[in-house]
Amino acid sequence: MATVTLSSVGKIYEGGVRAVRGVSMSIADGEFVVLVGPSGCGKSTTLRMIAGLEDISEGTISIGDRVVNEVEPADRNIAMVFQNYALYPHLTVKQNLAFGLDRRRRYPSRLRAMFDGDYGRRRLEESSQLDARIAEAARMLGIDGLLRRMPRELSGGQRQRVAVGRAIVRNPAAFLFDEPLSNLDARLRQDMRTELRLLHRRLKSTMIYVTHDQEEAMSLADRIVVMKDGVVQQLGTPGELFRTPANAFVAGFIGTPAMNLIRGRVGASGGAFKWSGGKHSLSPGAGAAADRDALMGVRPERVSIEPGDEGTLETVEVYGETADLVARIGDQRVVARIQTQELRALREGEGVSARFADGHAHLFDAQSGEAIAHGV
Amino acid sequence: MTDRSQQARVGGRVFAWTLLCVGALVMLLPLAWMMCVSLLSPEKAGAAITAGNLLEVFPWDPQWQNYAQALREMGSEEWQGFRDALANSVVVTTLVCAATVLSSSLVGYAMARIPFRGRRTTFLVMLGTMMLPGQVTMIPLFLLFRWLGWVDTLLPLIVPAFFGSAFFVFMYRQFIAQIPEALLEAARIDGMGHLAIWWRVVLPLCQPVTATCAVFTFIWTWNDFLAPLVYLHSDSQNTLAVALNSFRNQYGGLRNVHLLMAASVVTMIPCILLFIAAQKHFVEGLTRGSVKG
């Protein structure tokens with residue numbers, strides 16, 4: 001186990017395309033950090049630079065005390081789980097699990113064997129240690145009955161477990177996961193998420209995980225790194241990101257359904273926010289945003305949509321316990337999440353108004369998107 | 001409506017089968033003729049090659065001893081000619097097959113997976129060499145091998161195979177390019193360099209191409225007549241394809257056509273056996289990439 005530190009890391013591809021810029025973070029020993037962001041935000045590139053699969057154009061990456069910029073992937077003592085599992089199709093599950101270890105074990109042993117009459121005994125010892133590690137990892141992941149099977153004989157979930165098992169047996173300093181659950185169906189993804197969380201608790205290893213799914217990030221991470229256009233937007237615990245997003249992008253990205261971001265203007269005294277749907281009173285903390293154009297962010301859970309004449313109800317989406325009401329008010333769309341039992345006789349196409357709960361709005365600068373105030 | 005479409009389907013199938021049967025017959029006829037002639041007596045065989053009547057070719061009284069006699073009389077010494085030729089053919093074919101598979105797959109891997117300056121140009125130049133007829137390079141190659149002192153040894157037949165074959169490099173490259181990048185990256189993280197990735201991951205996955213490459217190379221090398229004829233001069237160095245020529249007289253006429261046919265049938269056996277054994281992989285290799293997997 002080890003800390004992983006990135007200092008001003010950047011990646012510039014041939015042709016000058018800049019995929020990652022100025023990424024700095026320090027991941028503590030045993031921490032579970034999730035890199036999240038939309039496609040092309042540089043999260044996978046960052047992970048691949050940590051793995052050593054991409055050259056680092058700027059900055060330094062350290063694993064433990066060692067700067068690993070020029071270190072080969074195999075010598076970084078990391079293990080990586082890939083999106084499409086990357087199991088060797090011509091090897092059995094057991095051989096797949098043993099592959100990395102086998103490589104590490106055999107060559108020094110053979111070299112030693114030239115000068116060492118004790119080679120046979122040592123080889124046997126190593127072999128039984130290897131078997132024990134494989135058996136332990138297989139038991140931990142519930143794949144001990146599959147060791148003789150070929151990867152093509154496994155289901156998607158089983159393959160993913162084998163891929164995770166291959167990482168576990170190596171006992172690496174850090175685990176890297178590159179969207180490992182994105183090929184699984186929704187139900188299995190949920191189960192695997194729980195198992196990964198439990199696995200982290202049991203192994204207490206440093207884990208760095210990449211996903212585009214913010215829900216996955218929220219449920220797994222000790223800390224989340226939100227990225228966009230190759231730049232870190234915010235780094236914090238799931239709670240911090242949810243309660244105090246650093247900018248409008250993070251606010252819109254974290255949370256399901258996404259936070260409503262409403263264009264308007266904060267009054268001269270900072271006491272009210274005027275928008276196409278009317279006026280919303282702000283608490284005193286909004287003074288910093290006084291007399292300027294702003295985006296007001298309100299979580300759908302804090303919005304109520306009632307019969308009125310400010311706009312129309314576009315759709316009602318029922319998800320069992322909860323339902324989302326989507327209304328168009330002026331030129332803006334407002335989403336409210338309510339309990340299904342609260343769903344009144346509102347019909348799609350009818351006139352509605354939107355109201356926001358007091359003290360739960362976030363204000364962002366209209367131009368830069370940077371946060372000005374939270375909980376106002 | 002259903003009846004009519006069913007009739008049409010049956011009709012189509014009958015037509016296809018008929019066409020395939022005729023095609024198979026055309027392909028098998030020379031083979032059957034060769035086997036028939038190999039079992040005729042010398043007089044009948046001599047008459048059969050000029051006869052227009054197929055019934056005259058049929059061996060009503062098969063002369064099985066023709067086979068033993070053919071192998072005994074191959075070359076200038078009894079039995080020795082066949083033994084030498086068989087040994088030479090086996091050595092050359094085995095080494096050429098192994099060398100072609102190893103070198104072509106290694107170059108194919110480099111072309112598909114190792115980025116280096118001029119890779120595309122090198123690949124195009126290599127493909128360009130496929131357009132060059134063998135006759136063009138025959139004399140320069142002969143002069144080169146003579147300068148190396150390799151004429152009348154098996155080396156000119158074997159050594160070039162260690163430098164890969166453009167056609168098979170192309171096949172391997174296309175196949176290897178389809179292997180998921182993550183698999184090779186996983187191997188890198190597992191501590192493998194390019195050579196180990198090629199040997200332990202890529203080559204086992206290239207089984208269909210390897211089967212195709214091995215079968216084609218085997219058949220071409222086993223049956224190759226021109227190169228051994230050019231480079232091998234003494235009887236003891238002959239391969240089977242050249243040794244068969246000992247049944248012709250110095251003016252190109254046929255001395256013992258029944259023996260030539262018997263020896264030819266024996267020579268063909270390894271090719272047929274190999275094709276049957278590798279058929280499954282071989283067909284998969286040929287059709288690989290034709291549909292999106």
Side-chain angles (χ1 to χ4, degrees), chain A residues 13-14 44 47-55 71-92 95-108 150-152 159 162-164 166-167 169-170 172-180 182-183, chain B residues 101-102 105-106 108-110 112-121 172 174-214 278 280-282 284-285 288-289 291-293:
Chain A
Y13 283 109
E14 269 177 44
S44 281
L47 190 82
R48 290 167 59 80
M49 284 194 284
I50 298 172
L53 298 172
E54 296 277 359
D55 292 333
V71 177
E72 278 295 304
D75 300 326
R76 295 189 180 200
N77 194 17
I78 43 103
M80 187 155 169
V81 178
F82 293 86
Q83 183 176 1
N84 55 3
Y85 322 126
L87 300 180
Y88 304 114
H90 58 295
L91 302 178
T92 64
Q95 287 167 331
N96 263 286
L97 292 176
F99 201 75
L101 295 175
D102 206 31
R103 292 291 304 167
R104 278 151 194 276
R105 180 180 64 104
R106 193 177 285 171
Y107 286 85
M150 302 300 284
R152 63 173 173 274
R159 284 181 205 184
V162 176
V164 174
R166 195 169 63 179
V169 290
R170 294 182 54 175
F175 286 83
L176 310 180
F177 295 89
D178 190 4
E179 307 214 26
S182 56
N183 282 355
Chain B
V101 165
L102 294 177
S105 60
L106 189 61
Y109 171 72
R113 292 297 184 178
I114 304 177
F116 59 87
R117 197 183 291 271
R119 178 170 73 163
R120 198 177 139 77
T121 314
Y172 272 109
Q174 298 305 94
F175 190 88
I176 292 167
Q178 290 176 21
I179 295 176
E181 184 68 33
L183 209 58
L184 309 187
E185 288 177 345
R188 276 183 70 192
I189 291 179
D190 279 336
M192 282 189 270
H194 283 303
L195 266 180
I197 292 175
W198 163 71
W199 179 248
R200 294 197 61 188
V201 179
V202 170
L203 205 50
L205 294 180
C206 287
Q207 221 179 0
V209 186
T210 301
T212 310
C213 174
K280 193 180 140 211
H281 293 302
F282 176 66
E284 194 185 337
R288 195 89 196 188
V291 288
K292 192 167 175 285

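Letters A, B, ... mirror the listed sequences (proteins, then strands); counts begin at 1. The figures here come from the full heavy-atom set of this structure, side chains too, leaving out hydrogens, waters and symmetry mates. All values derive from a computational prediction rather than experimental measurement.
Checked against salt bridge (charged side-chain N to carboxylate O under 4.0 Å, His left out), B:Glu185 has the following partners two or more places apart in sequence or in another chain: A:Arg48.
Only the backbone of A:Leu87 comes within less than 4.5 Å of a heavy atom in chain B; its side chain stays farther off. With a 4.5 angstrom heavy-atom cutoff, A:Phe82 touches chain B only via side-chain atoms. For B:Leu183, the parts lying under 4.5 angstrom from a heavy atom of chain A are both the backbone and the side chain. Residue A:Gln83: no heavy atom, backbone or side chain, is found under 4.5 Å from chain B.
Side-chain contact between B:Asp190 and A:Arg170 is present, with heavy atoms from C-beta onward closer than 4.5 Å.
Put simply, the side chain of A:Tyr88 never gets that close to the backbone of B:Arg200: no donor and acceptor are under 3.5 Å apart.
Considering every non-hydrogen atom in both A:Pro73 and B:Arg188, the closest pair reads CG-NH2, 3.7 Å. Considering every non-hydrogen atom in both A:Ala79 and B:Ile189, the closest pair reads CA-CG2, 4.5 Å.
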